[in-house]
Structure formats: C-alpha cells, structure tokens
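These notes are about the structure you will find just below.
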Amino acid sequence: MDPQQTIEYSFVTAPGERVPFRIDKDTGEITTAQIFDRDEPIGEKEFHLIVRATDNGRPRLSDVCSFKVTIVDINDNPPVFDRVHYEVTVTEDMEANLRVGTISATDIDDGDNSIIKYEIVERNPDSAYFKINENNGQLTLTKPVDRESGQDYSFRVPGAPIKLNETFNNYTESLADFETESNIPEKPEVIFELMQGRSEQTNSKNTFLLEQINNTASVKLAKTLDYEMVTEYMLTVCVRNSHNLIAQTVLKIKIMDENDNIPVFTEVAMASIYENEPPGTPVIQVHAYDLDGTPANNIVSYRFADENQQFFHIDNQTGNITSLVQFDREVTDSYHLKVIAEDNSPSALRTNGKPNNISKQFIIKILDKNDHQPKFVQEHFVAENVPEDATLNTVVIEVKALDQDTTSRITYRIIEGNVGNAFKIDENTGRISVNSRLDYETIREYVLAVQADDGIFQDHATVSIVIGNANDNPPRFIDLYNVTIYKETTPADCIMTFQAYDPDIGNRDEPQLIRYSFVEEQEHLYEIDDAGCLRLRKALDHDPPQGSKSWKIMITATDEDGVGLKTTATINIFLEDINDNAPRLSNAMPNSPGLIVRLTADDVDEAQHGPPFHFSIDPNAPYEIKERFEVRGDKLYALVEFDREEQKEYRVPIRISESGDEPMSDVSILQLVISTDNDNEMRPGESRIFVYNYKGESPSTEVGRVYVDDRDGWDLPDKTFLWDEATRHQSVDFFDLNRDTGMITMLQGTRGGDYELNFRVIKQSSLFARHSVTARVTVTVKEIPEEAVDRSGSIRFHNVTAEEFVSRTPGQLTTPKDRLQTSIANTLNVSRDNVDVFTVLKRDNVNGTFLDVRFSAHGSPYYAPEKLNGMMGYRLRQLEEDVGLSVLMVGIDECIEEGRNCELSCKNTLYKSNVPIAVYTNTSSFVGVNAFVQADFLHTSKNDWLGRLGSGWFSLSHGDEREQGDYDEDE
C-alpha cells in the first residue's frame, strides 16, 4: 500500500434517494442522520447500504461493498385495550370459577416487548367477586353474586381459532355463527354487536362485519387481509336482551402468511471493474428484498438469466458478482447482466407452482488502466512565418498526442531547443505560444523537442518555428553633428544633411525607404526633403527674449516610406553673432533695504561687442529717484534712509552703455524691494494649480510654488520644502519638488485628474526658533485635444497682466478668467464645463503689450472658430461688462498690423506646442497651452491679400464705429 495514498468513502445512491445515514469521507465511520421508528405504520426495520471507497491515485480506483443495518426494537409503545369500557352480564345463580368475559389489549412492539400481562389494579368491594388471568386476560367469577336483576358489577382492568390465508377474499362466506337465548320468554328478541376496538387487531378499520338474522349472527370478511400488516385479530361479539343484559365472547382469527410479495431490487444498477484484474475479483453485490412476513416466503436467491454466462459468476445466496476472466477495455468496455431474484416458496399470485421472481439489468463497465503509450499525431510539426513582433501569449501552433487509455491525462512540455525561453507550452492542450520577445535578426528558426506524458509512458516529437521578419526596429541615424550659421541669414542650400538606415533591411545598399520630418511647431522655420537635406524657411533670431544663441531641432526619421517606426534625433544650430543689441542690467533683487548694489549687465551680443559697461541714472528718471539714488562707477548708492511702511519698492532706471566701435546704450529697470528683518513666523497655506495638458503630451513642466502665509515673502533662502511623508507615496510618481525653492514640477506622462499634494515647510531665523507649517496644493490636470486648439476662438485684452487675469479681482470672489468662461457659456448657451480657456499669453508688438486669450467650446463636436469669434464679437459690450476688462480684438488678426507695412499677401497661422506656458501667483497658478497666431507673408498680389483678409476672419476692434451687422448664431 502506498503510504501517501488516501481513501475517500461515499454512499452509492440512486438519483433522488435519501440515505438516513452519514459517512465520514476520510475515516469511513457511519453514523445515523435521523431517529428511526421500527414499528408500524412506518416500519423501518432494516436498511441495505452500499459504500464506495475511492483512492487518490492517477487514475483514481474504487471498490464497493454492501451490508444490512437492522433496527433493533425497544419497548417504546404502551399496550392498548381494544375497548375503553367492557360490559358483561352475570346471573345470581352463576357458579364460582366460571368465565365471565375476556379483556384484550395489543402492543405493536416486537418480541418480548409485545408480551402483555393483565391484572386488576383498583381494589374495591366488588373486586373480590372477580379475578383475571394475567396471560390471556380471561375474567372469571370467584364467588356467587347477590344482586337484584338489572344490577351490574363494575371494575377497571389494564391489558392478555379460525385460520385464514392472507389471500382469502370470499366476502360472502360466514367465518363464525353465533346463536343465543334471551332468557326472557315474553321478550325473546336480542341484539348482536361486533365491537370496534381502538387497534386494527380489534377491528378498528372494520376489516370484519357482523350480519344478524333473528337470534343468529354471522361474522364475515369486509376488507382484504395482509399478514405483513396484521397477523391476528381479536373480535369481540356482544349480545343484549330487552332487559339490557349483555353477554359477550371473543373470536380469535389468525392470519396465515402466503407468498404474495415479489422481491424488489435496490436502486443500484451499475458497477465497474478495472481491466487486467485477475479472475475472482469482486464486482458488485446485488440485493433484493421481499416484504413477505415469514422466512418461508421472504428468503431471496439470485441467478443470471443467461445460464451460459462465461464472464461473471454470481453467488445465489449473497448476490456477490465476481469476474471469471481478465478483461481488456480496448476490446469490450461494458457488459450487460440480467440478474433474476426469486423467493423460496410457490407463489400465491400464480398457479404454476413456481416462486415469485423479478429481473433487473445491470451494466458492468470495464474501467481503463494506463497500459498504452501516448502517440503524437505526427513526428514533426511546423509553424511558418511567425512574426517577430508577435505579442506575448500569441499561439503559434498546437501539438497533439492521442492515447487509447481514456482515463489517462496527457501533459505536454518542451524539453529542448527553447533558446531564451522564447516559447511556452500549455501542459493540458499542447498549445505553444510566445513567451518572450522574438528577434528575426538574432534567431530565424527554433527547433523544439516536445514530450507527451500520460504519467507512465512518454512520446516525443519536434516542432520547427520559423520566424518572419517584421518592422520592429526603428531607423538609426548616422554621424549626427551640430552646425553653425550666421544669425539673421537664410542660406539657399542645405545647412546640413541627415542620414539614417533601417536595421530591418539587412543590405545597406538597398533603398532604406526613410522619410524625414520634424515637429509641427517648427514647420514655419525649417523644411527637409526625403534625402535628409535641411533648409531654413526664415532667418533664426539670435537675441533674447525671443531668440537664442543656439536652436534645437528635433528630426524624426520614419521607415517604410513614412508609415512605419520612428526615431527622433536632436541637433543644435549655433548662430554667429553681430552687434545689434544694447546691454541690459542683470542684477538680482537686493536682499536687504538700503543695500548698495554693484551693478552688472548682460549683452546678448558676443564679447567683442559688450563690456566694459558704463552705468548712470537715466536723465529722464523721476525726481524722487534722483534724490534718493546715485551711481558711482558700477555701484548704486542710497542717499536717504528708507521707510518700508511709506513705500515698499522702487523702480530705478539705469542707463547702460557698452564699449566697441559703435557702442549701443539702453535703459534697464532695477527693482529695489525695501525689506524688514526676517521676523515673521509662517502660517499654513493652501493654493491651487490648474494645468491644461495639450494632447496629454506635456513634458516635465514647472507648474507653481508651494505657498505658505508669510509676511516675509522674500526670505526664500531661510525655507526648506519637504513632502509630507504620510502622503508622499501618492504623489511622487506624478510630481517632483525642489526642496530649496518650493517649485513643483509635473512629470511627463501625468494623466488628467485632481491631485492633492501635501508638504511641510521649515523656516529658521536668528529672531525666532526653527518651526514648520503644513501646506496643501491642489493640482487639477485636464487633457485638451488637438481639435479644441485648432477650432479655438481668441480675444485680445489690454491694460491687464497675465497674473491679474488668473488672480481673484480685489473685491470680487472670481478671477477675470472665471468670468470669461461663464460669459462664453452664457453666450453660446452651453454648460460652463464645456468651455475651456486654455491659453493666457502676454504678447508684445510695435503697439504695446497685450494679453491674448484662446478658448474653445463644444456640444458635439467643437464649435468652429468663426462661430466662436462671431458670437463673442456680436456681444462685445456684454463681454467687456461680464469680464470687467477692455477688449482690443475678438478673433486675433496679426495681418491687420503687419499688412500695413507689407505689399505681400498675409496669412494668419496658428502655432502650437506641447511645451506649456505658466502664469504664477501666490495662491494660484495657471499652466496653459502655448498657442499663438503669427502673420506669414505669401508671394501673391496685394488684391489677393485683401481678398484673403476680408473673407477669412471676422474681428472687431475696440471702439470701432462700424455698424454691427446681423449674425446667425447657428452658422
């Protein structure tokens, strides 16, 4: 026996059969599941149980056994009298020791528990005249009575043949005749009565009846008899004369058992035996029961209907069926046996003198054993052209093996050739799928050895998997370099030529099919052809604030003629300088009031056109500046003592002149903050940041500073900014913190949603102890699609800064930006949530500084810019009233300004970037989309330009005296 093997036990039952026992599946212990009642009418005298034992091997094997459970009787039923009240008549001259009557009781218990003893339990003067036989209940007179006629004796007593076959059914035949004398000559009439007792044995169900003719009565059968229900009847017959005197007698009828019940099989009709088991192996024990009441009629024996049965043997006494041969399931997987169960005496139901019998078909299944080897359906499997970019878990082929043993479970595994675990096989189905990244350029074919295993036997096959080439390698650039050109020039030829190749094309001499491009925002500056030749469309600006000494350009190479994989490279274009800019101050704000500052300056031109610089107070400076400040050499002096309560800051104009052959000069403003000692402690602060993420492609971007309430707003070096450790893990995947400046950076890839960031800010000063406060910043990120920007409207405001536009207006609860959003929603009759004000951009031109705002609105889809600009321009006065600002233009048109000085055709071009622009304030910051309109000139006639301007845009200038025409809001 295998020590690791476990056995599980269960009952074998028919569908719907309820077994009144429980069996422990681990130990096989059987316990009762109910209380049994052996007595009639329930009659639970015995049960036949079949138990199956099953092991946990592979395959699982089992065997069955059957046994009988007999319910033992207990004395749990009291005797029952056949009548509640007995009456008998005794004459005065009746002699002693004569029988007066019989008291009868029955007990439905069996055996000794049904034996009844009788006694007189109430002793009174009348009791002395009578005695009772304790065994049969016969009541006799002990001495003559001395009473007048009509008197009777009363006492209480607790509970002591004609033979009929149970098949007797003659209902007209008299079973017993009674004749009596009334003993009253003048009144000879009498009345007979068959008493109805309280038990079936005393005729409670009127099984017998009595018929009277004059002074004669007959007892006859009224209902069918059944020995198995009642074996004996005690009938009491009473007769009464006209003086109401009573005589009675007891008629005992004994029922004789007959063979009138046919055996009945239990429900189990199926069994099994494993193939290759030796002859004599037990298969099943069949069982039938017979409801006849006596052994002469209820003993059952068994035999096969086919007397020439060659495969099985049945024990005629026990019903045990065993095998005669060793079976092979692959030859025959089942046998049908017809078993006859018969009792052991001639049937009372038939006249042929043979016993009762019944037959039942039993199906014997031959169970499989693992005695055959699995076989693959083919020796070599091939999977052609599996793409190298196939995703993980992609099924490439399914191998299959067959086994004649039906119960054998085949498992599959790869045993050789699986380089780098490139593939995996489902052990149950044989499906081979991709397990790791394939690479045509590394391995072009795999040959796997696979095994099928049924637990005992194995078979092997090979699988060839041919990898197909796919475009899974992006192009690669060759010999990237930077280039230097003169600023303010536009070379006619290529400023540089790019080269790239496709690694998926093995031969470099073949056409590589590479196409070059760059980001959309740079299309107005550059152009590149399929040969990689990069040219300038317009001159690059060298000087701040719009220009730079070097320009980055991101070139994208795309294989498969521009529809395949991409690679991006960044190169720098350096600009040679010419002297066309004056110097500007570069001083930072002083750290303390009245501080004498050493003046420094930057010149965006190259060094030969810059220092040394000459500094002076601008002659056009206000009088209050000249009397408070003085420049000596490169130093600024304070001529008076300052009072912060009187004025917190001064803007000092400094004229700076450069050296060189043709020196240039300009005025820069130096902002001086009058500060106090760092003597104010911080208090907790809260702030909000709103970010528009264009197409969800925003790079890592500084979005605002951590804000705390501190009157010493200039003391940043004394503060340290830290994440709140309890909530840090929720934020660091999306945001970064500069602990020195408190600047928050939104990381690339941050998706739309609301983020709550918690910080701890520490401040230390010589005037108070180190202390810390909490700060909370709520960041709302909203992704805005390209369609919203392309179909946006625009408004140009003046006399307002970007910081003022996104900050709460003094005396009001809202910002101009909020009020603009509400005004647009009301004008277009859409939800405020469907309106986005996503660009707030300061613009400088020859006419001054303005604030350009771009917005979009949508029902479904986004509204066209003509409709947005038209409707907002039509309600211009209401717009200004709602926002509280002056509007210079609705529908920004740069060609209006530029066209005055240009004979060429002009087109307004909208430029966009996924690099956002930020507006910072103390308690709120706004990070929007960098989108602006620029005038581009075309080489066409002036009439064409006028036509394009007149038909392409609808704009209104502030103060325009033109009559406003009707506008259809549905256009």
Apply the test side-chain hydrogen bond (donor to acceptor under 3.5 Å, both in side chains) to residues Asn97 and Thr140: give CA-CA distance (whole Å), side-chain angles for both, the deciding distance (0.1 Å), then the verdict. CA-CA 6 Å; Asn97 296 321; Thr140 59; 5.5 Å; no

Salt bridge (Lys or Arg N to Asp or Glu O under 4.0 Å) pairs touching residues 295-311, sequence neighbours excluded, are Arg303-Glu342

So, are Glu200 and Lys205 salt-bridged, with charged N and O less than 4.0 Å apart? yes

Can Glu427 and Arg409 be said to form a salt bridge (charged side-chain N to carboxylate O under 4.0 Å, His left out), step by step? CA-CA 10 Å; Glu427 68 171 9; Arg409 175 175 170 264; 3.6 Å; yes

Please determine whether a side-chain nitrogen of the Lys or Arg among Glu277 and Lys369 lies less than 4.0 Å from a carboxylate oxygen of the Asp or Glu. yes

Are Phe36 and Phe21 close enough that their ring centers fall under 6.0 Å? yes

For the residue pair Tyr335 and Phe327, does the interplanar ring angle fall in the parallel (under 30°), tilted (30 to 60°) or perpendicular (over 60°) class? tilted

Checking Asn298, Asn356, Asn261, Asn297 against Asp292 for side chain to side chain donor-acceptor pair (under 3.5 Å), the one that qualifies is Asn261

Report all side-chain donor-acceptor pairs from residues 186-195 shorter than 3.5 Å, counting only partners two or more places apart or in another chain.
none

Output every pair passing side chain to side chain donor-acceptor pair (under 3.5 Å) with a member in residues 321-333, not counting sequence neighbours, ordered by first then second residue. Arg329-Asp368

Basic-acidic side-chain contact under 4.0 Å: Glu173, Lys220: no

Salt bridge check: are Lys163 and Glu232 linked by an N-O gap of less than 4.0 Å? no

Would you say the rings of Phe312 and Phe362 are close, in the sense that their centroids are separated by under 6.0 Å? no

Between the side chains of Thr294 and Asp257, is a donor N or O closer than 3.5 angstrom to an acceptor N or O? yes

Within a radius of less than 6.0 Å around CG of Asp24, do more than 12 heavy atoms belonging to other residues, nucleotides or ligands occur? yes

Mind checking the NZ-CD1 spacing from Lys254 to Ile162? Nearest 0.5 Å is all I need. 14.0 Å

